[in-house]
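Please read the structure below before turning to the comments.
Note that this is a predicted model, so its numbers are computed, not measured.
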Amino acid sequence: MRLGRLGGAAALRLAYDGPLHIPNQPMPQEKPDSPLHDLFGKDAPRSGGGEVVQVLTPVGLDLSYSYRVPRGLDVGPGSIVQVPLGPRKVVGVVTAEPPELSASSNRLRPIEGAFDAPPLTPEMLTFVDWVARYTLTPRGMVLRMVLRAPEALAPEPPIRGLILAGPPPERLTDARRRLLDLLSENEGQAWTRAGLAAAAGVSSSVVDGLVAAGTLAEVDLPPGRPFRPPEPDFNPIELTPDQAAAVERLRAAGPDGVTLIDGVTGSGKTEVYLEAVADTLRAGRQALILVPEIALTRAFLERFSERFGALPAEWHSDVGPKMRARTWRAVALGEARVVVGARSALFLPFSDLGLIVVDEEHDGAYKQEEWASYHARDMAVVRGRLEKVPVILASATPSLESRVNATRGRYRHIVLPARATGRDLPSLYALDMRKAGPPRGRFLAPGLVAAIRETTERGEQAMLFLNRRGYAPLTLCRSCGHRFQCPQCSAWLVEHRFRGRLVCHHCGHSVPRPDACPACGTLDSLVACGPGVERVAEEIAALLPDKRTVVLSSDIGGGVQRLRAEFEAVAKGDCDIVVGTQMVAKGHTFPKLTLVGVVDADLGLAQGDPRAAERTFQLLAQVTGRAGRVIGKGLGLLQTYAPDNPVIEALVSGDAERFYRTELAERERAGLPPFGRLAAILVSGPSRELAEDHARHLARMAPADPAVEVLGPAEAALAVVRGRHRFRLLAHSGRDTDLSAYMRAWIAAADRPTRGVEAYVDVDPQNFL
DNA sequence: AGCACGCCGACT
DNA sequence: GTCGGCGTGCTC
């Protein structure tokens with residue numbers, strides 16, 4: 001096992017050079033005793049054997065451990081190695097830190113070997129450390145995100161292929177003849193066992209028989225090269241003058257820095273950043289395109305391959321282990337030139353990254369809130385800085401953070417004010433439900449129903465948007481008032497009529513919908529309260545029975561395949577009315593769609609969530625932006641009980657700037673992001689008492705700091721999830737305070753939780769439940 | 001994160 | 001009397 005040479009470690013110098021982005025995070029000043037400090041500006045010596053190196057392992061540890069390098073093993077910073085850890089063997093990465101234990105220490109154990117994979121670059125190692133520090137995640141856990149394709153470390157095993165290698169067998173059956181015919185028609189071709197059997201229409205035992213007879217022989221085929229390089233000049237598209245000007249500005253921008261492409265829906269942001277991808281390919285470098293949800297980006301992949309003559313590599317949770325391993329290796333070896341991926345693609349070990357694009361940069365899906373919390377958009381900006389490559393953020397409704405960075409000049413700002421097709425943006429109107437609401441028991445105002453009727457009569461499509469899955473969010477007994485609640489969560493069970501069940505959207509618990517009230521036994525006394533998409537579909541189908549209605553929601557049966565098919569069917573025009581949840585707001589173009597009705601425009605405007613207005617504005621602007629993109633005159637109708645709410649007013653006036661102005665003023669007044677910083681601690685435990693006790697302990701232990709205000713503990717809005725009781729604490733500071741460092745000090749000062757209690761730190765929380 | 005060690009309930 | 005629950009601590 002040997003490794004190639006490593007690039008100069010001097011590149012590490014850039015790591016802590018100045019204020020990095022992170023929504024305005026000042027770079028933490030490294031203290032002289034930091035383990036990383038001594039390395040800057042020096043070339044880390046490669047080990048020639050018999051020495052000691054630090055190895056970071058992908059376990060929940062912040063420390064790296066010292067290991068002895070056996071004689072003859074050539075490893076240096078970034079090398080991927082196997083080391084013993086306690087009773088097991090784990091993969092690890094040699095870091096650039098100086099050894100902590102001396103060669104004579106009896107705790108020292110030897111590295112067992114190095115993998116034949118390219119070493120992680122110094123930039124990648126720095127990135128791991130940076131993310132770990134900022135998010136308060138053990139470095140090992142961040143490394144784990146990098147090494148998340150375990151099979152990728154072994155060279156890909158050759159494919160077993162079959163070729164014609166001997167005379168035909170003595171007994172020639174019908175099946176054998178068909179198989180031999182096929183082989184002679186494709187002379188010299190090697191087949192896989194299953195492929196040959198299927199192509200010849202025989203069972204695999206026929207193939208085995210011929211192998212045994214010596215007619216076929218097994219050979220090793222080199223593993224396939226699935227990553228055909230995209231060609232930058234394969235099929236250049238004609239750009240509009242606006243787009244061409246935007247591309248020129250990107251080119252003029254130079255080799256690094258962040259650019260926000262701020263363009264209305266349909267303005268062709270994608271075409272613009274694909275030109276930047278083409279430039280990256282021309283320079284022989286790799287590009288990463290992050291997208292919020294990859295499962296439904298079929299259309300994007302097709303567009304990409306039309307432009308570049310090859311598909312990009314894909315990286316997301318639906319990629320199987322084999323393809324995952326191949327992709328990881330191909331990225332590390334520089335063979336995969338463009339990767340389109342979900343947020344986890346940010347941790348791929350690119351060998352020569354030249355560009356990062358974050359599409360729909362405002363999207364909440366970029367924030368991971370599981371065991372490690374990070375915002376992929378912010379970390380993309382950090383990685384771009386470390387790698388010294390440009391980062392492009394694209395959105396029709398940019399986050400307030402990015403807008404402020406653009407107006408302050410930290411980001412370049414490219415605005416695409418008009419649709420590339422020259423079509424007008426949809427006209428939006430508020431439907432005041434207090435004055436012109438639906439009759440009792442219904443959810444669609446007569447005005448909206450009439451508009452849907454007119455639209456579909458013209459042969460165009462209408463969409464009803466409601467960000468609520470299922471049939472009804474609450475079921476109660478008319479007789480005794482019993483409400484169906486999840487036994488494990490403080491949430492109502494949502495009726496799903498397709499499935500005939502009541503479902504908890506927080507833990508997945510579900511029960512069949514009973515006929516009688518479980519509390520009082522009364523038959524047929526259960527009533528559904530409020531609408532979900534299924535119920536809206538039922539209502540519109542009853543009102544317009546001759547129209548074809550379809551529901552697009554993540555929980556229609558059949559998984560991603562079925563959903564993709566449904567989206568394509570709608571795009572082809574196979575239905576008149578679409579009723580959809582949040583997922584219809586993203587990306588897809590439905591050419592015949594000209595009317596979008598928002599069933600409950602007030603739904604997202606919950607009090608107490610500082611980001612509610614922004615999220616609602618973005619979501620409603622995105623979803624109404626689907627209307628009239630290809631034909632007709634787009635129309636959006638917003639059903640609301642608060643037509644004078646600033647979000648609704650800004651949408652209806654078509655003046656996005658007005659929304660940004662008022663919302664930014666509000667945030668500035670309250671010192672909220674991007675004018676201040678927030679970090680949360682979520683304490684959860686098996687009982688209310690245990691969770692609350694630890695939350696109070698944390699509150700007492702919060703370090704005194706005049707720059708930081710600590711709030712709480714308060715019971716979380718969702719007080720119980722999966723049987724765990726939750727409390728929240730919030731730290732609030734100005735934007736010049738290193739709140740991440742404050743949180744590290746806080747956690748270090750407090751006792752570690754015990755007895756099943758957990759404390760989870762979320763820097764830059766997006767979600768306030 | 002794993003995995004081992006360690007101290008209190010229901011069984012061969 | 002043991003088997004085993006998972007609570008606590010360690011891994012170079």
Heavy-atom contacts, protein to nucleotides 1-6 of chain B, under 4.0 Å, summarised as B (base), S (sugar-phosphate only) or - (none) per nt, yield BBS---
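Judged by distance alone, the side chain of A:Glu758 and the main-chain N or O of A:Pro753 form no donor-acceptor pair under 3.5 Å. In this structure, the side chain of A:Arg744 engages the main chain of A:Arg133 through a donor-acceptor pair within 3.5 Å. The backbone N or O of A:Ala365 sits less than 3.5 Å from a side-chain atom of A:Arg343, completing a donor-acceptor pair.
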Assess the residue pair A:Arg139 and A:Glu97 against the criterion (salt bridge (charged side-chain N to carboxylate O under 4.0 Å, His left out)); give the C-alpha distance rounded to whole Å, side-chain angles, the decisive distance to 0.1 Å, and a yes or no. CA-CA 13 Å; A:Arg139 292 158 75 209; A:Glu97 298 152 301; 3.1 Å; yes
Evaluation steps, salt bridge (charged side-chain N to carboxylate O under 4.0 Å, His left out), between A:Lys388 and A:Glu123: CA-CA 9 Å; A:Lys388 288 200 168 120; A:Glu123 291 81 7; over 6 Å; no
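One side chain, A:Ser66 or A:Gln54, offers a donor N or O that lies under 3.5 Å from an acceptor on the other. The closest side-chain donor-acceptor pair between A:Thr327 and A:Glu314, if any, does not fall under 3.5 angstrom.
Look at CG on A:Leu101: it is 12 Å from C1' on C:dT11, rounded to the nearest Å. Put simply, NZ on A:Lys89 is 14 Å from C1' on C:dC12, counting in whole angstrom units. C:dC12 atom C1' lies 14 Å from atom CZ of A:Arg139, rounded to whole Å. The CD-C1' distance, from A:Gln54 to C:dT11, rounds to 14 Å in whole Å. As a whole-Å value, the separation of A:Arg752 CZ from C:dG9 P is 7 Å. What separates CG of A:Asp751 from P of C:dG7 is a distance of 18 Å, to the nearest Å.
Residue contacts shown for A:Pro138 are absent, as no nucleic acid heavy atom lies under 4.0 Å away. Contact annotation for A:Leu108: backbone-only contact, meaning every heavy-atom pair under 4.0 Å involves sugar-phosphate atoms and none involves a base. A:Ser64 comes within 4.0 angstrom of nothing in the nucleic acid, heavy atoms only. Nucleic acid contact for A:Arg109: sugar-phosphate only, since backbone atoms but no base atoms lie under 4.0 Å from a heavy atom of the residue.
OP1 or OP2 of C:dC12 has at least one side-chain nitrogen or oxygen of A:Tyr67 nearer than 4.0 Å.
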